[in-house]
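This one's a predicted model, so the numbers in the text were calculated from it and none came from an experiment. Every heavy atom of this structure was used, including side-chain atoms; hydrogens, water molecules and symmetry mates were not. So you know, we letter chains A, B, ... as the sequences are listed, proteins then strands, and number each from 1.
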Amino acid sequence: MTISIRKVLGVAVAATALAVSAAPASAAGGSKEPRKAGFSFEGPFGTFDQAQLQRGYKVYREVCSACHSMELMSFRTLGEKGGPFYDPKAASPADNRFVRALAAEATINDIDTEIGEPMTRPGTPADKFPSPYPNRIAAAAANGGAAPPDLSVMAKARHDGANYIYSLLSGYVDPPAGLTVNPGQYYNPYMAGDMTPFWTGDHDAVPKGGFIAMPPVLNPDQVTFDDGTAATVDQMAKDVAAFIAWSSEPKATERKQAGMGVLAFLAIFTGLTYASYRKIWKNVGH
Amino acid sequence: MSGHESTYVPKTGVEKWLDTRLPIVRFGADYMSLPTPKNLNYWYTFGAILTVCLMIQIITGIFLAMNYVPTTAGAFASVERIMRDVNGGWLLRYVHANGASMFFIAVYVHMLRGLYYGSYKAPREMIWILGCVIFFLMIATAFLGYVLPWGQMSYWGAEVITNLVGAIPLIGEPILIWLRGGPAIDNATLNRFFSLHYLLPFVIFGVVVLHLWALHTSGQNNPVGILIPKDREKKDMIPFHPYYTVKDGFALLLFMTMFAVFVFFMPNALGHADNYIPANPLQTPAHIVPEWYMLPFYAILRAVPDKFGGVLAMFGAIGVLFVLPWLDTSKVRSMRYRPTMRIFYIAFVINGLILGWCGGQLPDAPVIGNFSTFNLIDGDLNSFLWLTRFATLYYFAFFFVLLPFVGLKETPLRIPLSISEPVLRGPDAMSGAVPAQAEKKG
């Protein structure tokens with residue numbers, strides 16, 4: 001009888017594992033698996049590298065934000081614990097001098113409270129990141145019909161998000177011979193898509209990847225990092241990917257640290273409960 | 001509510017006063033002292049685990065609803081606001097989102113346990129049927145809840161599932177519009193889904209009370225599957241508290257540990273990345289897949305070439321569970337004593353996993369390698385389409401062929417007369433020639 005129960009147990013474990021790993025199949029052709037950037041924030045103990053987040057913010061501000069919005073991000077979030085501009089001396093993220101200065105650089109559209117007319121004013125820590133376009137239609141119209149996606153939660157919106165962003169930004173290559181690329185499109189092996197209709201070469205060797213409307217925007221030394229780090233394409237891609245990973249879930253470090261405490265508590269409590277169970281059941285013949 | 005005699009004696013004056021007016025303390029005391037078979041193994045702890053799952057979902061859900069905005073313009077951003085700016089909001093949301101998955105892990109184990117030990121057989125049919133009602137309500141609640149973040153999978157999942165109703169001949173289309181609150185999925189749909197998602201867990205709670213009422217009336221089944229004779233109750237039964245409170249508590253804590261690993265270290269592993277893309281009615285995702293716990297039923301839906309036929313098969317797959325007590329012809333409850341049926345049972349569990357696997361794949365994709373064999377009717381034999389069909393066939397055959405016929409044909413092993421004494425019921429039970437198998441604790 002024991003055997004059958006074990007079998008069932010094994011099956012149940014396998015059930016969970018299978019159900020969890022039942023990822024949907026990729027499209028025909030598919031895309032290349034993202035390269036591993038070896039981020040500091042990976043794993044249960046990983047935390048964000050503040051210098052990297054600051055560099056990443058600079059890449060976002062100077063390059064990405066020309067086209068991409070980050071509507072869910074407030075300036076004050078930059079000064080939260082674990083964030084790129086966290087300052088332990090600041091009473092709150094809103095009092096953080098870096099955050100105030102960065103917010104003030106932005107121009108915010110508002111309504112004049114005296115006369116009710118539209119006006120602009122410098123940003124405050126409470127403001128959201130301003131969007132480059134007034135609305136989605138304008139964003140699409142300015143970009144050949146496809147609005148650049150909002151980057152607020154991009155690292156969660158793609159499989160293996162941070163590595164994907166890093167690989168995509170630093171992974172542009174010339175399209176292989178035999179691949180017809182439409183005007184206004186760029187080939188990227190990490191982009192999702194199916195290249196079969198555009199491929200005139202060998203049918204069994206359809207190149208992986210897809211077309212993306214975003215040109216390769218990162219060029220060497222495009223930004224000047226304040227900490228003296230050499231601004232290679234790889235470095236900028238890695239840093240901005242780290243920044244977006246952080247902005248996608250600013251509470252990720254807090255979550256993992258809380259988790260350690262919860263698991264420690266559960267381990268002790270489970271142990272005590274098991275001891276009680278053994279004691280209470282000691283005299284029950286079964 | 002419980003079937004056993006009350007042993008509660010009110011001690012204080014307040015208790016005595018209350019006991020003659022509203023015997024709620026007696027009710028609680030009787031609940032805790034309920035005689036319970038002493039051989040319940042860990043598979044029997046999932047009832048308690050599920051109760052806690054429901055409570056966790058309701059409590060986290062109430063707090064999430066305080067911050068959630070049920071409009072197409074505000075839903076996505078409000079969920080992210082919970083993640084960023086609401087105190088402890090990330091914890092509430094991740095517990096709630098992963099809690100749904102944990103709930104389904106537990107309910108599948110609980111149902112398969114009931115199937116294995118024959119917990120649906122007389123006199124426990126009502127417990128089983130009420131459990132099926134709960135399961136159906138859970139699926140509905142989970143589906144409605146998945147729509148609320150208003151991501152791409154929310155929107156397109158709602159599109160696919162509500163469209164199923166449209167497949168009903170004649171009346172499908174008007175019902176579809178009524179269900180969605182308009183010709184397309186929009187703000188009206190999101191609003192009503194939010195309202196119903198808040199309502200249904202309380203309905204589930206009510207049915208859980210009935211489920212427990214039925215349980216306490218007909219008594220717990222046990223791994224041996226026998227009804228415990230009155231004269232053996234002293235030897236075979238122990239009070240629920242403290243024996244099962246502590247055993248369930250221990251199992252619950254192990255379950256919570258797994259739950260915590262998901263919530264704190266891999267909170268998005270069970271979800272789909274596309275749901276972090278705001279809903280866009282103009283852009284269909286490459287693959288619309290439901291959450292993992294719906295995949296077996298999604299596979300059955302797609303196995304049938306006709307859309308309405310698929311809908312019938314999918315609902316039939318859940319509906320058949322309701323009549324299970326009358327499909328199984330065996331007099332023996334526990335599959336411990338049904339060696340033949342046990343093999344079919346294990347195959348049924350594996351088959352369910354295969355269906356789940358199929359549900360997440362493209363129907364045309366090859367199962368083994370990257371080659372095609374020969375075309376069978378409308379698809380290659382080496383495709384998930386056909387694997388799904390074979391698995392669907394086995395799913396229904398298990399209920400409509402195997403359970404009725406094996407029950408009539410098989411020779412079950414001899415069954416002990418009681419839990420604690422190795423006395424066998426059967427032709428040679430009295431000869432003592434074959435010693436009974438010692439029952440090992442689960």
Side-chain angles (χ1 to χ4, degrees), chain A residues 1-2 4-5 7-9 11-12 14-16 18-28 43-44 71-74 77 149-150 152-161 192 248-252 254-256 258-260 262-263 266-267 269-270 273-274 276-277 279-281 284-286, chain B residues 38-39 41 43 77 80-81 83-84 90-91 94 105 108-109 112 116 238 242-243 246-247 249-250 253-254 256-257 260-261 263-265 267-270 273-274 276-278 286-287 289 292-293 295 335-336 342 346 349-350 352-353 356-357 359-362 365 419-420 437 439-442:
Chain A
M1 287 313 107
T2 330
S4 73
I5 294 296
K7 264 188 208 156
V8 179
L9 179 67
V11 167
T16 322
L18 241 178
V20 168
S21 66
S26 60
E71 289 175 349
L72 303 172
M73 276 292 294
S74 301
T77 312
D150 186 88
S152 311
V153 288
M154 190 48 84
K156 288 194 291 188
R158 296 290 182 277
H159 176 64
D160 199 8
S248 296
E249 197 182 344
K251 296 286 197 284
E254 186 185 334
R255 159 168 65 77
K256 287 189 276 190
M260 288 300 164
V262 169
L263 286 187
L266 280 171
F269 196 20
T270 309
T273 310
Y274 184 68
S276 316
Y277 163 64
K279 190 159 188 270
I280 289 168
W281 278 75
V284 181
H286 70 296
Chain B
K38 65 179 186 179
N39 62 338
N41 55 34
W43 298 112
E80 275 302 318
R81 191 185 149 266
M83 292 297 294
R84 288 150 194 267
W90 59 268
L91 181 61
Y94 276 155
I105 289 175
Y108 282 132
V109 173
L112 285 170
Y116 186 80
I238 44 179
Y243 294 100
V246 74
K247 187 165 183 167
F250 170 60
L253 285 165
L254 287 178
M256 286 297 139
T257 306
V261 168
V263 166
F264 293 101
F265 300 104
N268 295 308
L270 297 167
D274 274 16
Y276 281 109
I277 303 171
H287 308 289
V289 281
W292 69 265
Y293 41 81
L295 287 174
M335 286 199 199
R336 271 189 184 179
R342 193 162 65 216
I346 292 165
V349 176
I350 295 167
L353 297 175
W357 181 39
Q361 305 295 324
L362 290 171
I419 291 169
S420 49
Q437 253 174 307
E439 277 304 330
K440 180 111 170 54
K441 71 168 171 173

Winner by heavy-atom pair count (cut-off under 4.5 Å) against chain B, out of [options]:
options	answer
A:Ile280, A:Thr273, A:Asp150	A:Ile280
A:Gly259, A:Pro250, A:Ala267, A:Ser276	A:Gly259
A:Gly161, A:Ala192, A:Ser248, A:Ala252	A:Ser248
A:Pro149, A:Gly43, A:Ala258	A:Ala258

Toward chain B, the part of [X] with a non-hydrogen atom under 4.5 Å:
X	result
A:Pro44	both
A:Leu72	both
A:Met260	both

Once you round to the nearest 0.5 Å, how far does [atom1] of [X] lie from [atom2] of [Y]?
X	Y	atom1	atom2	result
A:Tyr274	B:Leu253	OH	CG	14.0 Å
A:Lys251	B:Met83	NZ	CE	9.5 Å
A:Lys156	B:Asp274	NZ	CG	14.0 Å

Below 4.5 Å, heavy atoms only, C-beta onward: do [X] and [Y] meet side chain to side chain?
X	Y	value
B:Phe264	A:Leu263	no
A:Arg255	B:Pro267	yes
A:Glu254	B:Leu91	no
A:Phe269	B:Met256	no

Check each atom of B:Tyr94 against the heavy atoms of chain A and say whether the ones under 4.5 Å are side chain, backbone, both or neither.
side chain
